[in-house]
Amino acid sequence: MAGSGEEARVVVDLRSAAESAGDDEEVHATPLHEIESLCMRCGDNGTTRLLLTMIPHFREVVLMAFECPHCGERNNEVQFAGQLQPKGCCYRLEVLRGQNEILNRQVVKSDSATIKIPELDFEIPPEAQRGSLSTVEGIIMRAVDELQALQDERKKVDPQKAEAIDQFLTKLRSLGLGEASFTFVLDDPAGNSFIENPNAPSSDPLLSVKFYERTREQQAALGFLVEPPTEEPREQPVSNSSTVEGNSEVLQKEPHGSVGAVAGRRAIAQGNPDEVAAALCRYSAPEEVDTLPSTCGACGTECVTRFFATKIPYFREVIVMATTCDMCGYRNSELKPGGEIPAKGKKITLHVQNGKDLTRDVIKSDSAGVKVPELELELASGTLGGIVTTVEGLIVKICEALERVHGFQLGDSTLEWKKKKWEDFKDRLSKLLSLQEPWTLIIDDGLAASFVAPATDSIEDDSQLTIEEYARNWDQNEELGLNDMDTSSADAAYNTGNTANP
């Protein structure tokens, strides 16, 4: 390699580049790494440049660019250098006809992401396009180019199939040019994909995101070691002293803190709701909890989830759950509402006026949306999951999540007006948390599973806290999965069991 920049560039093998990329000091000293690699087009050696960088407030990525001086072949892609997210994500963007600014939204697509356009019944599987940093239009046009590349061969082998693909490419190009409305769906089990929201921190009516738990198949596809589910041995009846001694040895092998777990599992297996409730609510101290076998959301190995039920005054019965993975150190805690699903939703409005209001306890369920009208801040349900914190802690967590996810608003290539928008948002946020002016916190929960602690012993005497109940509409019930829920068979089975065994 000749040239004036020869001394500045370092050509190393892939292992050395990967090891040096993990060292922060070496990354800053030699941020660009070059390795000699094989060109897939001509068979000669080209050059691949690696750059470990970080999208501001998003995630660490490795940018790779290949160039062959012999045939001119060029290629670039992005791979994620950080960890997988606890949950998968699914972005859904409505692209309207004639609005090219929507097509210019930046998209981060990881290696495990799938792109779908339901209107054309079109899907780009993970293996079709590698991880890339592009736009909605760029991803569509790249798919057009890849389909067009083999059309000459198809016309010779199967003319009818080639003609059908030509008609499909015409429709796909029209979408990339904004000549028709369509839906752009980005589904990533790794949770590392992203679609830009130019209205952040406010919600975007055209963009929706949902987070979900990965299945065993998705865990295996991401490279985790997933053991197949094994059947638990059936419980043997107690017939003699040796059997009793054997059962006692099994009970002694239960993990620490699993008091009452055996009785709870037996009640669940027998389908007796009264015994299940008694087993869950038997203990009131968090040191005496039940355990359930679980799977780590980060590495996919088997772990233990501990939970116990308690009653929160002025609220309802809740189940506190905590998961710890001894393999990778992943930790997660959640608060799940207990009991039946309420017939109505709940809207909680808190007028924050003094420092005591910032220290109020808050329970935000994973089905609750949050609004702060003074900040023009609105979060859809499912964001941040279920958390237990304070009013101040909730706002801080929301802003940290926004800055982490919407990192495009602070990049070097971002327009000045977008940067100024984020700076103004932070200034307004600091004024609210310093209580320079009163503000309003609104928590809207369709399942009525959220809670804000009152400032007085009687919740009716708290003039700053307002709780409204409302009837859910069909769309809300559909989003919560209540329209298709049918418990008549289970109710009949329970009633038959209770009648047979009074």
Practice prompt. Output yes when Glu468 and Lys347 qualify as a salt bridge under the 4.0 Å nitrogen-oxygen rule, no when they do not.
Written response: no

Response to the item:
Ile102 and Leu93 have their tightest heavy-atom pair at CG2-CD2, 4.0 Å

Worksheet item: Could you state the interatomic distance from CZ (Phe451) to NZ (Lys346), rounded to the nearest 0.5 Å?
Response: 8.5 Å

Item to complete: For Gln151 and Arg154, run side-chain hydrogen bond (donor to acceptor under 3.5 Å, both in side chains): C-alpha distance rounded to whole Å, both residues' side-chain angles, the deciding distance at 0.1 Å, then the answer.
Response: CA-CA 5 Å; Gln151 276 297 86; Arg154 293 193 187 99; 2.8 Å; yes

Worksheet item: Do the side-chain N and O atoms of Ser365 and Asp445 include a donor-acceptor pair separated by under 3.5 angstrom?
Response: yes

Practice prompt. Tell me, with the steps shown, if Arg173 and Gln148 meet side-chain hydrogen bond (donor to acceptor under 3.5 Å, both in side chains).
Written response: CA-CA 11 Å; Arg173 286 193 187 94; Gln148 185 67 41; 3.2 Å; yes

Discussion item. Once rounded to the nearest 0.5 Å, what's the spacing between atom CD1 of Ile195 and atom CG of Leu186?
Written reply: 5.0 Å

Worksheet item: What is the distance from atom CD of Glu36 to atom OG1 of Thr48, rounded to the nearest 0.5 Å?
Response: 10.0 Å

Practice prompt. Kindly determine whether Leu432 and Glu437 satisfy side-chain contact (heavy atoms from CB on, under 4.5 Å), including the steps that lead there.
Written response: CA-CA 6 Å; Leu432 293 188; Glu437 57 184 22; 3.9 Å; yes

Worksheet entry | Any Val95 side-chain heavy atom under 4.5 Å of Leu103 side chain | yes

Discussion item. When you compare the side chain of Ile442 with that of Ile348, does any pair of heavy atoms fall below 4.5 Å?
Written reply: no

Discussion item. With a 4.5 Å cut-off on side-chain heavy atoms, are Val304 and Leu292 touching?
Written reply: no

Item to complete: Calculate, to the nearest 0.5 Å, the distance between atoms CG and CZ belonging to Leu433 and Arg428 respectively.
Response: 13.0 Å

Discussion item. With rounding to the nearest 0.5 angstrom, report the CG to NZ distance, Asp166 to Lys155.
Written reply: 5.0 Å

Discussion item. Students often mix this up, so state it plainly: with edges at 30° and 60°, are the rings of Tyr91 and Phe194 parallel, tilted or perpendicular?
Written reply: perpendicular

Worksheet item: Do Ser193 and Asp188 have side-chain atoms, one donor and one acceptor, less than 3.5 Å apart?
Response: yes

Worksheet item: Taking all non-hydrogen atoms of both residues, which atom of Val370 and which atom of Lys364 are closest, and how far apart?
Response: CG2-CE, 3.9 Å

Worksheet item: Do Lys344 and Glu469 sit within salt-bridge range, that is, some charged N less than 4.0 Å from a carboxylate O?
Response: no

Worksheet item: Counting only heavy atoms not in Asp475, do more than 12 sit closer than 6.0 Å to its CG atom?
Response: yes

Worksheet entry | Donor-acceptor contact below 3.5 Å, side chain Arg472 vs main chain Asn477 | no

Response to the item:
Heavy-atom nearest pair, Glu196 first then Leu207, reads O-CD2, 4.0 Å

Item to complete: Would you please test Ile117 and Leu175 for side-chain contact (heavy atoms from CB on, under 4.5 Å) and show each step?
Response: CA-CA 10 Å; Ile117 300 179; Leu175 298 186; 3.9 Å; yes

Worksheet entry | More than 12 heavy atoms from other groups under 6.0 Å of CD on Glu478 | yes

Worksheet entry | Nearest non-hydrogen partners of Asp111 and Pro126, listed with the distance | O-CB, 3.2 Å

Item to complete: Output the distance between atom CD (Gln219) and atom OG1 (Thr295), rounded to the nearest 0.5 Å.
Response: 7.5 Å

Worksheet item: Is the shortest heavy-atom distance from the side chain of Ile467 to the side chain of Thr349 under 4.5 Å?
Response: no

Discussion item. Strictly distance-based, threshold 3.5 Å: is any side-chain N or O of Gln218 a donor or acceptor partner for the main-chain N or O of Thr215?
Written reply: yes

Worksheet item: Is the side chain of Gln99 donor-acceptor paired with the backbone N or O of Leu96 at a distance under 3.5 Å, no angle test?
Response: no

Worksheet item: Hey, does Trp439 have a side-chain heavy atom less than 4.5 Å from the side chain of Pro373?
Response: no

Worksheet item: Looking at side-chain heavy atoms only, is the closest gap between Leu429 and Ile395 below 4.5 Å?
Response: yes

Discussion item. Within the supplied structure, the quantity of interest is the number of heavy atoms (other residues, nucleotides, ligands) at a distance under 6.0 Å from Glu153 CD; does it exceed 12?
Written reply: yes

Item to complete: Answer yes or no: are there more than 12 heavy-atom neighbours, outside Lys87 itself, under 6.0 Å from its atom NZ?
Response: yes

Discussion item. Any non-hydrogen side-chain atom of Val185 less than 4.5 Å from a side-chain atom of Pro118?
Written reply: yes

Discussion item. Is it the case that over 12 heavy atoms from other parts of the model lie below 6.0 angstrom from the CG atom of Asp427?
Written reply: yes

Worksheet item: How close do Leu379 and Ile398 get, heavy atom to heavy atom, and via which atoms?
Response: CD1-CG2, 3.5 Å

Fill in: N/O donor-acceptor pair under 3.5 Å between Arg214 side chain and Pro189 backbone
yes

Practice prompt. Apply side-chain contact (heavy atoms from CB on, under 4.5 Å) to Thr47 and Phe66, showing your working.
Written response: CA-CA 6 Å; Thr47 302; Phe66 172 79; 6.0 Å; no

Worksheet item: Taking side chain as C-beta onward, heavy atoms only, is Phe182 less than 4.5 Å from Lys171?
Response: no

Discussion item. Let's go through Asn332 and Thr323 carefully: what are the C-alpha distance in whole Å and the side-chain angles of both, what is the deciding distance for side-chain hydrogen bond (donor to acceptor under 3.5 Å, both in side chains) to 0.1 Å, and is it a yes or a no?
Written reply: CA-CA 5 Å; Asn332 184 32; Thr323 303; 5.5 Å; no

Item to complete: Please test Thr135 against Val107 for side-chain contact (heavy atoms from CB on, under 4.5 Å), starting from the C-alpha separation and ending with a verdict.
Response: CA-CA 5 Å; Thr135 61; Val107 177; 5.6 Å; no

Discussion item. I'd like to know if the side chain of Glu374 pairs up with that of Thr440 as donor and acceptor (distance under 3.5 Å, no hydrogens or angles considered).
Written reply: yes

Practice prompt. Kindly give the heavy-atom pair with the smallest separation between Met321 and Phe307, and that separation in Å.
Written response: CG-CB, 3.9 Å

Worksheet entry | side-chain hydrogen bond (donor to acceptor under 3.5 Å, both in side chains) between Thr183 and Glu94, worked out | CA-CA 5 Å; Thr183 305; Glu94 301 293 336; 3.1 Å; yes

Discussion item. Can you tell whether the side chains of Asp357 and Arg360 come within less than 4.0 Å, N to carboxylate O?
Written reply: yes

